[in-house]
Amino acid sequence: MDLANRTAVREFLLLGFSGAPWLQHALFALFLAVYLLSLVGNTLIIFIVLVEATLQTPMYVFLGNLSFLEIWYTTATVPKLLATCLSKGAAISVSGCIVQYYFFFSMGATECILLAVMAYDRYVAICSPLRYSLLMSLQLCLRFAAGSWVGGFAAPLLPTILISRLNFCGPQKINHFFCDSDPIFKLSCSDTFLAEALGYTCSSVVILSSFLLTMSSYGNIVATVLRLSSLEARKKTFSTCASHLTVVTIYYGTIIFAYVRPPAKYNFTIGKVISVFYCVVTPLVNPLIYTLRNKDVKKAFRKILAQKRFLLTRNRQEF
């Protein structure tokens, strides 16, 4: 194939989910509602953590970082998903596709690392409560959070550089709603072995290492809790980390299924459905779980609402 044909493709078409117009419109309404709720919920958590002094502890600093991450994680993919529901596809330039790939996987890697750090924080708080303030100071917490972001954005850098050097010669259609790795490789007319191997290795190492660290922390937590003599103490201790464990189970369950497997085993239809869970559902589930199951967050939220009502009432009385 000559060079002119290899460099002909400058734009891709994201196909998203196919179906009848009424189904497409229903999916658009559903995804838009979930996206907006996710933005509002995560923004609310960030606001509460910043405003309420009692929540400015390592656990809630990590939670604020997770909420900030979820806003951009879902924003990297959902707008194009919505666009595919309103038409027969959404156009995206090759360079834009590679940028989306990089930011999506960067934030995905950051979330893996951050969830592992949050699990370690709960491990220290429950297994070494008397040394918690020493082992998990606010300064060290900020370093852990910064390290999660740096590590997450560094992880997919080399695979992204290799992908940017690939040639695309058609077809232009990506059978997905965002620029995932396997659909991109399918469209390339270059040798993708190195890029695929490196991308698969990086994703597997990040996902599995962070997953094992997370499960190790929770394994130690369970062992510690079971040694408690009081049933009430066990329930109280489990409740402090139940919300985080729920988020971890949902997130890792879907991404391990999607990315920790040989590239040849990829199924586009199943891949799109699974992607909805970690691209759309999980960013909404996080604020719901953390607000509905966390007494401190609910208490801080009620306190802020009470303060706002008081200020509004006083302003009306003055006028």
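The basis for the numbers below is simple: all heavy atoms, side chains too, and nothing from hydrogens, waters or symmetry mates. Along the sequence shown, the residues carry numbers beginning at 1.
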Taking every non-hydrogen atom, the tightest pair across Asp180 and Ser275
OD2-OG, 4.4 Å

Looking at Gly96, is its backbone amide N or carbonyl O close enough to the side chain of Ser93 to form a donor-acceptor pair, meaning the two atoms are under 3.5 Å apart?
yes

Can you tell me if Gln139 and Ser137 form a side-chain donor-acceptor pair at under 3.5 Å?
no

Under the ring pair (Phe, Tyr, Trp, His ring centres under 6.0 Å) criterion, do Tyr218 and Tyr123 qualify, and how do the steps go?
CA-CA 7 Å; Tyr218 276 107; Tyr123 159 72; 9.9 Å; no

In terms of hydrophobic clusters joined by side-chain contacts under 4.5 Å, are Leu162 and Val206 together?
no

What are the two closest non-hydrogen atoms of Ile163 and Phe185, and how far apart are they?
CG1-CE2, 3.8 Å

Say you draw a straight line from CD1 of Ile71 to OG of Ser38; how long is it, rounded to the nearest 0.5 Å?
7.5 Å

About how many Å separate CZ of Phe31 and OG1 of Thr77, when rounded to the nearest 0.5 Å?
10.5 Å

For the residue pair Thr75 and Tyr35, confirm or rule out a side-chain donor-acceptor distance under 3.5 Å.
yes

Test your reading of the model: is there a side-chain donor-acceptor pair from Lys80 to the backbone of Ala91, 3.5 Å cut-off?
yes

Distance in Å, His25 NE2 paired with Leu32 CG, rounded so as to fall on 0.5 Å steps:
13.0 Å

For the side chain of Lys272 and the backbone of Phe177, is there at least one donor-acceptor N/O pair under 3.5 Å apart?
no

Tell me the closest heavy-atom pair linking Ser188 and Leu166, and the distance in Å.
OG-CB, 3.7 Å

Within a strict 4.5 Å, meaning less than it, do heavy atoms of the Trp149 and Thr110 side chains meet?
yes

Out of curiosity, does Leu23 fall in the hydrophobic cluster containing Leu15 (side-chain heavy atoms, cut-off under 4.5 Å, transitive links)?
no

Closest heavy-atom pair, Lys173 versus Leu187, reported as atoms and distance to 0.1 Å, is O-CD2, 3.5 Å

As a quick check of understanding, evaluate side-chain hydrogen bond (donor to acceptor under 3.5 Å, both in side chains) for Ser210 and Tyr252, giving each step before the final call.
CA-CA 10 Å; Ser210 58; Tyr252 278 114; 3.0 Å; yes

Can you tell if the side chain of Leu284 reaches within under 4.5 Å of the side chain of Val280, non-hydrogen atoms only?
no

So does Gly199 get a backbone contact from the side chain of Ser203, meaning a donor-acceptor N/O pair under 3.5 Å?
yes

When Asn220, Leu212, Leu213 are each screened for side chain to side chain contact (heavy atoms under 4.5 Å, CB included) with Ser216, the one that passes is Asn220

Within the 4.5 Å heavy-atom criterion, are Ile256 and Ile207 side-chain neighbours or not?
yes

Is there a side-chain contact between Phe12 and Val94 in this structure, where contact means two heavy atoms from C-beta onward sitting under 4.5 Å apart?
yes

Between Gln100 (side chain) and Cys179 (backbone), is there a donor-acceptor pair under 3.5 Å?
yes

Tightest non-hydrogen contact, residues Glu70 and Pro283, listed as OE1-CG, 3.6 Å

Would you confirm whether the ring centroid of Phe277 sits within less than 6.0 angstrom of the ring centroid of Tyr251?
no

Measuring only between side-chain heavy atoms, which start at C-beta, is Ile255 closer than 4.5 Å to Cys112?
yes

With clusters defined by side-chain heavy atoms of hydrophobic residues (ILVMFWY) lying less than 4.5 Å apart, directly or transitively, does Leu194 cluster with Ile184?
no

Can you confirm whether Leu69 sits close enough to Asn65 that some side-chain heavy atom of one is under 4.5 Å from a side-chain heavy atom of the other?
no

Describe, in one word, how the ring planes of Phe178 and His176 are oriented to each other, choosing from parallel (under 30°), tilted (30 to 60°) and perpendicular (over 60°).
perpendicular

Quick one: OH on Tyr73 to CG on Asn42, what's the gap to the nearest 0.5 Å?
13.0 Å

Out of curiosity, Ile221 CD1 to Leu226 CG, how far, rounded to the nearest 0.5 Å?
12.0 Å

Treating Ile, Leu, Val, Met, Phe, Trp and Tyr as nodes and any side-chain heavy-atom pair under 4.5 angstrom as an edge, say whether Val34 and Val78 lie in one connected cluster.
yes

Show your reasoning for whether ring pair (Phe, Tyr, Trp, His ring centres under 6.0 Å) applies to Tyr278 and Tyr259.
CA-CA 12 Å; Tyr278 57 80; Tyr259 295 108; 5.8 Å; yes

How about Phe104 and Pro156: do any of their side-chain heavy atoms sit closer than 4.5 Å?
no

Does the side chain of Thr84 come within less than 4.5 Å of Phe17's, by heavy atoms?
no

Could you report the tightest heavy-atom contact between Ser128 and Leu135, atom names first, then the distance?
CB-CD1, 4.4 Å

Heavy-atom count check: over 12 atoms from other residues, nucleotides or ligands less than 6.0 Å from Tyr132 OH?
yes

Mind checking the CG-CE spacing from Leu66 to Met118? Nearest 0.5 Å is all I need.
5.0 Å

